[in-house]
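The next block holds one structure in the form of structure tokens; read it before the comments.
First the proteins, then the strands, lettered A, B, ... as listed; each starts at 1.
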2 protein chains.
Amino acid sequence: MNVDQIYRVVKLSPERPMKNLELILQNIAKHISLTEEEKRLFTGMLEARHLKKKDVILKQGEVCKYSTFIVDGALKGFTVGKDGSEHVINFALKDWWIADMYSLISQQPGMLTIEAIADSEVLLLSKQDQLLLYEKVPKFERFFRILVENSLVASQQRLINNLSLTAEERYRFFMKKYPFILECAPLHSIASYLGITPEFLSKIRRRMAGKLK
Amino acid sequence: MNVDQIYRVVKLSPERPMKNLELILQNIAKHISLTEEEKRLFTGMLEARHLKKKDVILKQGEVCKYSTFIVDGALKGFTVGKDGSEHVINFALKDWWIADMYSLISQQPGMLTIEAIADSEVLLLSKQDQLLLYEKVPKFERFFRILVENSLVASQQRLINNLSLTAEERYRFFMKKYPFILECAPLHSIASYLGITPEFLSKIRRRMAGKLK
DNA sequence: ATGCTTTCTTAACCTAGTTCAAGGCTTTTG
DNA sequence: CAAAAGCCTTGAACTAGGTTAAGAAAGCAT
């Protein structure tokens, strides 16, 4: 694993209007409804970026200043152990949000590095603006509470799985729950997410192929 | 493990005023400040219960209808696998909140059982009243968002530990972070929380004693 | 008191998952 | 387009942690 590459600086896209503000507005509409004026206020706060595969939007040790919404593409969040090994904490695809929640909430340096695993198009909302939104449009307090709630649910589910399932069972669960990730993330990242080595994941896959799925 | 015992019915305490509403008000004051009237509204919603060791306040498969605040004592939340094995998801001590967040949020049947591991005194706030609070005192939306955020941070931290540390390292981390739990929870529950068997925890403890801590 | 259950430990053996080393295939980069 | 780097797999040797079984000590209920 090449540190220079992981820590490569983000390339900003040339400024230009986002074709796809619709997607993020729909995402929000799932939980709260906004007036046209509130929509304008909100979208005016967003910053658009184009990411190339392997671009990093947050490095371990930095304070997370943005919530990131994925308009298109795929990212992963991971920590790097002392031995240099990578541990994938979460993936995020089109129409998902990602951030180092710990760092974003506490504004302390975080452990997560967030990196694109495919060319991606994202929208950033700064913590500052998020707090401003809470004041000007209190409904957003509800929206972000729901986001955090969903993260928590996913995190707890995963903990339960890690404590109670074997590696193969976890892999099957993963395939069922996130088939789209399976298609776009490299297997070694999935192995890391499952808490096993790529070699062992290979073994599992062979075993399962033998069983004719 | 005896299922009848785990599912023993909760014993309600005789109704009487809580000596210790102060503790919960202080707990809330850490994040939002309330007027006297708001305090009265809030405390009027609380339901006090005395739990004896092994009393269960929520069983697997039920919908979680309450957030529980611990005035004194200690509880644990756990799931039971198909094989009957118990997986401790979290502990909660004096001045902490506990609930099956998934179930409380979604109002779907949950996987968690919540049980007292010592005689305890708790205060219950129903989901209904919680929603009512959101309407009447919107500050509470913030308070519960912060609670959920803290849960999420703890859950993520634990996930990272489970993926990147050995059992011994996790145990050391636990000892440092939750020394009080070590004092009041049985070792087999701690083993379960760490994701190992009690036998293996024993082995670790002996090994560590050998190393003179 | 006296059984009965729960808690913790020890020890011998067992297995799911790791490590190391190597090879083939594909993608990136100069 | 060649070289290098990354990705996936295989197999053999190894280890962290699990299983089974048993016993000692402590708490509880009759």
Side-chain angles (χ1 to χ4, degrees), chain A residues 1-6 8 11 52-55 74 76 78 81 83-88 115-119 161-172 174 181-210, chain B residues 1-6 8 52-55 74 76 78 81 83-88 115-119 161-172 174-175 181-210:
Chain A
M1 200 204 28
N2 184 330
V3 170
D4 293 319
Q5 239 159 336
I6 286 188
R8 179 143 53 98
K11 287 162 197 152
K52 303 209 355 206
K53 192 172 170 177
K54 295 209 174 159
D55 278 346
K76 67 176 174 184
F78 61 94
D83 57 346
S85 64
E86 195 177 306
H87 301 281
V88 175
E115 182 185 311
I117 59 180
D119 292 356
N161 284 354
N162 278 287
L163 292 175
S164 60
L165 304 182
T166 65
E168 178 168 340
E169 290 168 328
R170 273 175 277 152
Y171 178 58
R172 286 180 186 280
F174 183 86
I181 296 182
L182 206 57
E183 277 161 30
C184 72
L187 284 174
H188 68 265
S189 289
I190 293 172
S192 167
Y193 179 91
L194 295 174
I196 58 179
T197 58
E199 292 91 338
F200 191 58
L201 178 55
S202 252
K203 227 176 269 186
I204 288 172
R205 285 160 58 85
R206 180 166 25 125
R207 203 160 61 202
M208 285 173 57
Chain B
M1 202 202 25
N2 184 329
V3 170
D4 293 319
Q5 238 159 337
I6 286 188
R8 179 145 52 100
K52 302 207 357 203
K53 193 173 170 176
K54 295 207 175 163
D55 277 346
K76 68 176 173 186
F78 61 94
D83 57 345
S85 65
E86 193 177 307
H87 301 282
V88 174
E115 180 185 312
I117 58 178
D119 290 357
N161 285 352
N162 279 283
L163 292 176
S164 60
L165 304 181
T166 64
E168 178 168 339
E169 290 168 329
R170 273 175 276 152
Y171 178 57
R172 287 179 185 280
F174 183 86
M175 286 196 304
I181 296 181
L182 206 59
E183 277 160 30
C184 71
L187 284 175
H188 69 264
S189 288
I190 292 173
S192 167
Y193 179 90
L194 295 174
I196 59 179
T197 57
E199 292 89 342
F200 190 58
L201 179 54
S202 254
K203 222 181 272 188
I204 289 173
R205 285 160 58 86
R206 178 163 31 119
R207 204 160 61 201
M208 285 174 56

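- The CG atom of A:Leu187 sits 13 Å away from the C1' atom of D:dG6 (whole-angstrom rounding).
- Not a single donor-acceptor pair under 3.5 Å links the side chain of B:Asp119 to the backbone N or O of B:Lys52.
- Distance, B:Ile204 CD1 to C:dC8 C1': 14 Å, rounded to whole Å.
- The separation between A:Leu165 atom CG and C:dA16 atom C1' is 14 Å, rounded to whole Å.
- With salt bridges taken as basic N to acidic carboxylate O contacts below 4.0 Å, one links B:Arg172 and B:Glu168.
- The nearest whole Å value for the distance from the CD atom in B:Glu199 to the P atom in C:dC8 is 12 Å.
- In the set D:dC28, C:dA16, D:dG17, D:dC28 carries the atom at the smallest distance from any side-chain atom of B:Lys53.
- Between A:Thr197 and the phosphate of C:dT18, there is a side-chain N or O to OP1/OP2 separation shorter than 4.0 Å.
- Side-chain nitrogen and oxygen atoms of B:Arg207 include none within less than 4.0 Å of the OP1 or OP2 phosphate oxygen of D:dG17.
- Looking only at side-chain heavy atoms (C-beta outward), A:Glu115 and A:Glu86 stay at 4.5 Å or farther from each other.
- Contact annotation: A:His188 side-chain N/O to D:dC8 OP1/OP2 distance is under 4.0 Å.
- For the pair A:Tyr171/A:Met208, a side-chain contact is recorded, criterion being any heavy-atom separation below 4.5 Å from C-beta on.
- Remark on DNA chain C: of its neighbouring residues B:Ser189 and B:Lys203, the 5'-side contact belongs to B:Ser189, judged by nearest-heavy-atom nucleotide.
- Residue B:Arg170 places at least one side-chain N or O under 4.0 Å from the OP1 or OP2 atom of D:dG17.
- With a 4.5 Å cut-off on side-chain heavy atoms, A:Phe174 and A:Ile181 count as touching.
- Put simply, B:Arg206 has no side-chain N or O that comes within less than 4.0 Å of OP1 or OP2 on C:dT9.
- A sub-4.0 Å separation between OP1 or OP2 of C:dC8 and a side-chain N or O of B:Arg205 is absent.
- Taking atom NZ of B:Lys76 as the reference point, atom C1' of C:dT7 lies 12 Å away to the nearest angstrom.
- Going from atom CZ of A:Phe200 over to atom C1' of D:dA16 covers 13 Å, rounded to whole Å.
- Rounded to an integer number of Å, the gap from CG of A:Leu163 to P of D:dG18 is 11 Å.
- Remark: C1' of D:dG18 and CG of B:Leu201 are 14 Å apart, rounded to the nearest angstrom.
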